[in-house]
Novice: 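Submitted below is the structure of interest, expressed as structure tokens.
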Amino acid sequence: MSAVSDRLPVFPWDKLEPYKATAAGHPDGIVDLSVGTPVDPVPDLIQKALVAAADSPGYPTVWGTPALRDAITGWAERRLGARELSHRHVLPIVGSKELVAWLPTQLGLGPGDTVAHPRLAYPTYEVGARLARAEYVSYEDPTELDPAGLKLLWLNSPSNPTGRVLGKEELTRIVAWARAHGVLVVSDECYLELGWEADPVSVLHPDVNGGSYEGIVAVHSLSKRSNLAGYRAAFLVGDPAVLGPLLEIRKHGGMITSAPTQAAVIAALSEDAHVREQRERYAARRTLLRGALLEHGFRIEHSEASLYLWATREESCWDTVAHLADLGILVAPGDFYGPAGERFVRVALTATDERVQAAVARLRQG
């Protein structure tokens with residue numbers, strides 16, 4: 001076991017514990033804006049679908065029910081502009097994090113292979129490469145990478161942590177470059193429905209991929225757009241030549257979305273009103289927090305989409321974390337996402353209206 005765990009970095013969130021304790025000591029309690037975990041209720045129609053499917057004594061299938069696959073293809077065509085999708089183009093997964101962590105291993109990557117991820121990125125991209133014993137490299141522009149040995153290129157738009165959005169022309173250029181060099185593109189698009197000052201585009205859009213899904217896979221999650229983080233509900237859409245073998249591997253590994261969760265996903269993807277309502281909640285919180293941070297002397301970069309504000313006071317991120325903890329506000333240090341984030345913090349929008357208002361008041365008073 002140690003041979004596996006020794007490949008991994010120290011779990012970063014443990015480093016926040018002393019600052020969390022400081023913030024929790026505030027007379028009015030902590031405002032936790034560190035982890036982007038949803039706090040609003042699961043929409044009623046989704047809860048009802050889950051309950052209705054509660055009597056599910058048999059094993060579900062890894063590929064999901066035909067109704068689930070219909071819901072995924074229908075949503076991808078309606079919301080992402082994808083065209084001519086079949087069931088072979090989709091694969092349910094048990095939350096997006098397990099896919100990110102285990103995809104290099106499931107693709108058969110190992111020593112001598114390279115996985116690339118953005119310079120500022122979700123740490124699990126690197127973890128996945130480490131678990132597979134593959135090499136990993138970060139990039140500012142992936143087309144400047146050496147393609148020799150590069151097998152997997154992670155894109156993340158909108159970005160976690162920065163909220164940066166890759167435009168249609170940039171995505172088209174990257175996809176063309178990757179195809180020319182035989183590199184698989186996997187685009188993490190879990191925040192795509194949360195664009196504020198930009199309209200994010202999927203690699204599944206024909207303007208990006210030329211009408212072909214060859215060599216591309218998109219990752220989508222219901223955690224943020226439908227408040228289903230606790231359900232572990234996500235899916236892949238893209239190249240059947242990639243998804244077919246993954247399906248077989250995941251059958252052997254028993255990586256199965258529960259039957260009640262499958263029913264809940266069908267409900268979540270078949271109705272858009274609850275997504276609009278949740279967007280409105282986040283938009284209001286974003287406006288309040290953004291204004292208060294700017295008044296407090298922060299500068300905000302990117303943040304045109306996703307559930308975070310990427311903010312700096314032009315100092316060490318840990319000095320900023322300590323400063324905000326003294327105000328009872330907990331945020332994530334930017335260096336969790338790479339050395340380039342050492343002077344930034346990530347501020348999540350995922351707190352109740354009451355807690356966001358408390359944070360705003362403290363920032364204005366402090």
Side-chain angles (χ1 to χ4, degrees), residues 2 5-6 8-41 95 97 101 120-127 130 159-163 223-224 227 229-230 232 281-282 285-286 288-301 303 306-366:
S2 63
S5 61
D6 287 349
L8 303 179
V10 175
F11 189 64
W13 294 96
D14 292 343
K15 300 178 186 177
L16 262 189
E17 287 303 316
Y19 302 92
K20 186 175 184 178
T22 298
H26 191 280
D28 185 39
I30 189 173
V31 179
D32 192 343
L33 305 178
S34 60
V35 181
T37 186
V39 297
D40 299 303
K97 184 170 185 175
L120 285 163
Y122 186 43
T124 312
Y125 303 135
E126 177 184 321
V127 166
R130 285 173 176 255
S159 163
N160 172 16
T162 68
S223 293
K224 307 304 194 295
N227 298 334
R232 309 316 300 135
R281 293 188 189 105
Y282 285 135
R285 293 166 187 165
R286 180 181 183 273
L288 288 172
L289 282 169
R290 188 177 188 279
L293 287 167
L294 291 173
E295 289 177 26
H296 196 77
F298 281 87
R299 178 172 59 84
I300 295 173
E301 280 195 3
S303 307
S306 83
L307 287 181
Y308 312 105
L309 294 168
W310 188 239
T312 180
R313 296 208 313 166
E314 311 297 348
E315 63 185 5
S316 162
C317 60
W318 288 100
D319 289 343
T320 305
V321 168
H323 168 72
L324 291 174
D326 288 339
L327 299 179
I329 302 168
L330 188 67
V331 298
D335 65 3
F336 277 12
Y337 308 95
E342 64 185 1
R343 298 177 73 81
F344 284 80
V345 294
R346 192 193 73 170
V347 183
L349 309 179
T350 49
T352 64
D353 292 343
E354 183 274 330
R355 288 288 83 188
V356 167
Q357 289 163 0
V360 168
R362 295 174 196 181
L363 287 166
R364 287 176 174 162
Q365 291 167 4

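As the structure is a prediction and not an experimental result, all values here were calculated from the model. Below, each value reflects all heavy atoms present in this structure, side chains not excepted, and no hydrogens, waters or symmetry copies.
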Novice: On a heavy-atom basis, which atom in Pro161 and which in Ala121 lie closest, and how many Å separate them?
Specialist: CD-N, 4.0 Å
Novice: What are the two closest non-hydrogen atoms of Ala348 and Gly36, and how far apart are they?
Specialist: CB-CA, 4.2 Å
Novice: Any chance you could measure Leu309, atom CG, to Phe344, atom CZ, to the nearest 0.5 Å?
Specialist: 12.5 Å
Novice: Atom CG of Leu327 and atom NE2 of His26: how far apart are they, to the nearest 0.5 Å?
Specialist: 7.0 Å
Novice: Identify the heavy atoms of Ala332 and Trp13 that sit nearest to each other, and give their distance.
Specialist: CB-CH2, 3.7 Å
Novice: If I take atom OG1 from residue Thr37 and atom CG from residue Asn227, how far apart are they, to the nearest 0.5 angstrom?
Specialist: 9.5 Å
Novice: Just one of His323, Gln365, Arg362 clears the side-chain hydrogen bond (donor to acceptor under 3.5 Å, both in side chains) bar with His296, so which one?
Specialist: His323
Novice: Looking only at non-hydrogen atoms, find the nearest pair between Leu349 and Arg285 and report the distance.
Specialist: O-CD, 3.6 Å
Novice: Taking the side chain as every heavy atom from C-beta outward, state whether Cys317 and Phe336 have any pair of such atoms under 4.5 Å apart.
Specialist: no
Novice: Looking at every heavy atom in both Ile300 and Ala311, which two are closest together, and how far apart are they?
Specialist: CG1-CB, 4.2 Å
Novice: Has the side chain of Arg313 got a donor or acceptor atom that lies under 3.5 Å from a matching backbone atom of Thr320?
Specialist: no
Novice: Indicate yes or no: does Lys15 engage Asp335 in a salt bridge with an N to O separation below 4.0 Å.
Specialist: no
Novice: The test is side chain to side chain contact (heavy atoms under 4.5 Å, CB included); show your working for Tyr308 and Leu33 and say whether it passes.
Specialist: CA-CA 9 Å; Tyr308 312 105; Leu33 305 178; over 6 Å; no
Novice: Can you find a pair of side-chain heavy atoms, one from Pro38 and one from Lys224, that are under 4.5 Å apart?
Specialist: yes
Novice: Would you call Leu330 and Val35 a side-chain contact if the rule is heavy atoms closer than 4.5 Å?
Specialist: no
Novice: Can you find a heavy atom in the side chain of Val31 that is under 4.5 Å from one in the side chain of Val356?
Specialist: no
Novice: Of all heavy-atom pairs between Leu293 and Val347, which one has the smallest distance, and what is that distance?
Specialist: CD1-CG2, 4.2 Å
Novice: Once you round to the nearest 0.5 Å, how far does NZ of Lys20 lie from CG of Asp14?
Specialist: 10.5 Å
Novice: Let me confirm one number: the OG1-CD distance from Thr312 to Glu301, rounded to the nearest 0.5 Å.
Specialist: 7.5 Å
Novice: Are Tyr337 and Asn160 packed together at the side-chain level, in the sense that at least one heavy-atom pair is separated by less than 4.5 angstrom?
Specialist: yes
Novice: Can you confirm whether Pro333 sits close enough to Leu16 that some side-chain heavy atom of one is under 4.5 Å from a side-chain heavy atom of the other?
Specialist: yes
Novice: Would you compute the distance between atom CZ of Arg346 and atom CG of Leu120 and round it to the nearest 0.5 angstrom?
Specialist: 12.0 Å
Novice: Between Asp28 and Arg355, is there a salt bridge with N-O shorter than 4.0 Å?
Specialist: yes
